[in-house]
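Just below is one structure, and these are the notes that go with it.
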Number of protein chains: 2
Amino acid sequence: MNRKTPVKRVRAKQRRLSADDRRSEFVTKATEFFAEEGFGGGTRALARKLGVTQPLLYRYFPSKDDLIKEVYRKVYLEPLEIGWEKLLSDRSRPLRARLQEFYEIYTDAIFNRKWLRIYLYSGLKGLDINRWYVGMVKDKILTRILRECRHDAGLATQSRPSAAELELAWVFHGGIFYYGVRKYIYEAPVLKDKAQMISDALDIFLAGFERMAESATDRRRAPVKVVG
Amino acid sequence: MNRKTPVKRVRAKQRRLSADDRRSEFVTKATEFFAEEGFGGGTRALARKLGVTQPLLYRYFPSKDDLIKEVYRKVYLEPLEIGWEKLLSDRSRPLRARLQEFYEIYTDAIFNRKWLRIYLYSGLKGLDINRWYVGMVKDKILTRILRECRHDAGLATQSRPSAAELELAWVFHGGIFYYGVRKYIYEAPVLKDKAQMISDALDIFLAGFERMAESATDRRRAPVKVVG
DNA sequence: ATCTGTGATGATCGCCCGATAAACTAGCCA
DNA sequence: TGGCTAGTTTATCGGGCGATCATCACAGAT
């Protein structure tokens with residue numbers, strides 16, 4: 001911004017940061033704060049963490065709710081910067097390798113205490129942005145994965161995935177997601193090697209999909225149902 | 001319970017319930033209340049829901065925290081009344097049928113808005129009872145399932161499950177659990193037929209376990225790892 | 001009918017919360 | 001140097017919170 005200061009740059013300014021920098025710094029720290037304390041955490045405690053006084057927050061954000069909304073925006077948009085669309089759909093590479101790489105990168109982005117906690121808090125509040133995210137996972141990740149699986153199995157890729165297919169993908173996706181919850185929310189011991197967990201989960205998902213595809217090809221029936 | 005009342009039982013008492021009944025009624029309603037509002041919900045609003053005044057709560061519970069603890073106890077112990085130990089270990093029935101029935105009953109017990117919300121709230125707070133429950137799922141459910149799987153595959157059942165086996169079971173279990181989260185927390189559309197979801201998930205889990213067991217029998221190697 | 005113990009309430013305390021207004025202060029330009 | 005403006009703090013308000021206490025109301029014993 002308006003940063004001239006031709007000379008005398010010697011002493012860095014200790015406070016008085018530019019408004020934009022200050023704002024984004026506040027949002028970043030507020031994200032960590034609310035991740036730990038929940039959104040019931042007080043503005044005074046937050047200000048203490050920021051090293052400023054509480055009323056100063058209200059110079060940058062009209063209300064606590066507005067600050068919280070910015071926290072959501074930041075957190076929810078973070079993992080979207082990966083650009084997974086191309087990664088998943090790049091048919092010059094084997095499907096399994098694409099899926100393995102995608103889930104390694106995706107979980108690198110969301111498997112941390114901060115992201116998972118804010119995600120769960122907002123999910124419990126039933127916020128629109130949470131519903132939006134879940135819908136996006138369905139449309140941009142699971143549907144895409146299923147289309148690639150169908151292509152790989154030599155099936156038609158036009159039609160939308162069946163409800164049973166989608167559920168299979170959700171259970172697979174949720175199983176991986178729950179690894180992060182166990183590790184960072186429950187703080188329970190998990191298999192150290194995240195990549196191997198993904199690999200094993202992929203094994204059984206792909207095997208399951210093939211099986212479902214076969215039984216759907218042989219005759220037009222619902223997937224195997226062998227309840228005793 | 002000094003409940004004599006030899007005659008005159010005609011008119012049921014409209015208020016003035018016995019202390020124990022009142023207490024458990026409070027805990028039940030408080031569970032619903034905190035499930036919706038979170039534990040930040042106020043005692044006044046809770047009392048309004050109960051149809052009494054706020055100070056009355058303090059006649060039955062020394063503090064809000066004590067009431068909350070009773071809510072936890074009630075919620076966490078609820079699904080344990082099933083008696084799954086025998087169900088899972090009854091080798092007179094086929095393994096798959098046992099697992100199918102167990103997960104249908106277990107999810108009947110925990111897949112509701114109340115249970116899942118309280119569980120997630122307490123998980124985010126990092127409460128001991130939550131850690132205890134996660135450990136119990138591991139020891140009493142997953143380890144047992146894996147032992148039965150090993151028995152079914154003709155493997156030794158003495159040794160504790162390997163970390164990779166446990167992770168496989170966790171991903172499977174977590175995938176099913178996440179179905180409930182999607183339905184009752186995110187309120188997202190899910191496959192209507194819960195039993196079929198369980199059946200499909202079981203298919204791929206059992207197939208995955210067999211595969212892992214085979215590769216572990218052939219040579220003592222880690223499960224297939226086919227990253228391209 | 002009166003007494004007594006307990007279920008239930010009204011009034012209130014001290015505290016912390018989100019938010020506001022006024023006062024102060026540091027950097028910028030004439 | 002003397003303002004002007006924007007960043008920051010001090011003081012404070014109204015309100016809701018958890019919790020307490022004195023008081024009221026009612027069922028059962030006498």
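Every chain is numbered from 1 and lettered A, B, ... according to where its sequence line falls, protein lines coming before strand lines. All figures in this text were calculated on a predicted structure; none of them were measured in a lab.
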With axes from five pairs an end, tell me the bend angle of the helix from dA1(C)-dT30(D) to dA30(C)-dT1(D), nearest 10°. 10°
Give the rounded distance in Å between these two atoms: CD of Glu37(B) and C1' of dG18(D). 17 Å
For dA8(C), does either OP1 or OP2 sit under 4.0 Å from a side-chain N or O belonging to Tyr60(B)? yes
Between Arg113(B) and Glu36(B), is the closest basic N to carboxylate O distance under 4.0 Å? yes
Using only modelled atom types and a 3.5 angstrom limit, is any donor from either the side chain of Arg22(A) or the base of dG7(D) paired with an acceptor on the other? no
Does Glu32(B) come within less than 4.0 Å of Lys49(B), counting only side-chain N to carboxylate O? yes
Could you state the CD-P distance from Glu25(A) to dG7(D), rounded to the nearest angstrom? 14 Å
Which residues within residues 52-59 of chain A lie with some heavy atom under 4.0 Å of an atom in DNA chain D? Val52(A), Thr53(A), Pro55(A), Leu56(A), Arg59(A)
Roughly how many Å is it from CG in Leu50(A) to C1' in dT9(D), rounded to a whole number? 15 Å
Donor-acceptor contact present, side-chain Thr143(B) to main-chain Lys140(B), <3.5 Å: no
Angle class for the Phe205(B)/Phe172(B) ring planes (parallel below 30°, perpendicular above 60°, tilted otherwise)? parallel
Protein-nucleotide distance (Asp21(A), atom CG; dG7(D), atom P), rounded to Å: 12 Å
Sugar-phosphate, base or nothing in reach of Gly40(A), heavy atoms under 4.0 Å: nothing
Atom pair distance, as rounded to whole Å: CZ in Arg48(B) and C1' in dG10(C): 16 Å
dG18(D) C1' sits how many Å from Phe39(B) CZ, rounded? 17 Å
How about Tyr72(B) and Phe39(B): are their ring centroids closer than 6.0 Å? yes
Between Arg182(B) and Glu167(A), does at least one N-O distance fall below 4.0 Å, as a salt bridge requires? yes
With heavy atoms under 4.0 Å as the rule, sort Gly51(A) into base, sugar-phosphate or nothing. nothing
Is a donor on one side and an acceptor on the other found under 3.5 Å between the side chain of Trp115(B) and the backbone of Ala109(B)? no
Can a salt bridge be assigned to the pair Arg144(B) and Asp139(B) using a cut-off of 4.0 Å between side-chain N and carboxylate O? no
What's the CZ-P distance between Phe61(B) and dG18(D), to the nearest Å? 15 Å
Got a donor-acceptor pair under 3.5 Å from the side chain of Arg44(B) to the base of dG16(D)? no
What's the CG-C1' distance between Asp65(A) and dA19(C), to the nearest Å? 13 Å
Can a cation-pi geometry be assigned to Lys194(B) and Tyr179(B), taking NZ or CZ under 6.0 Å from the six-membered ring centre and within 45° of the ring axis? no
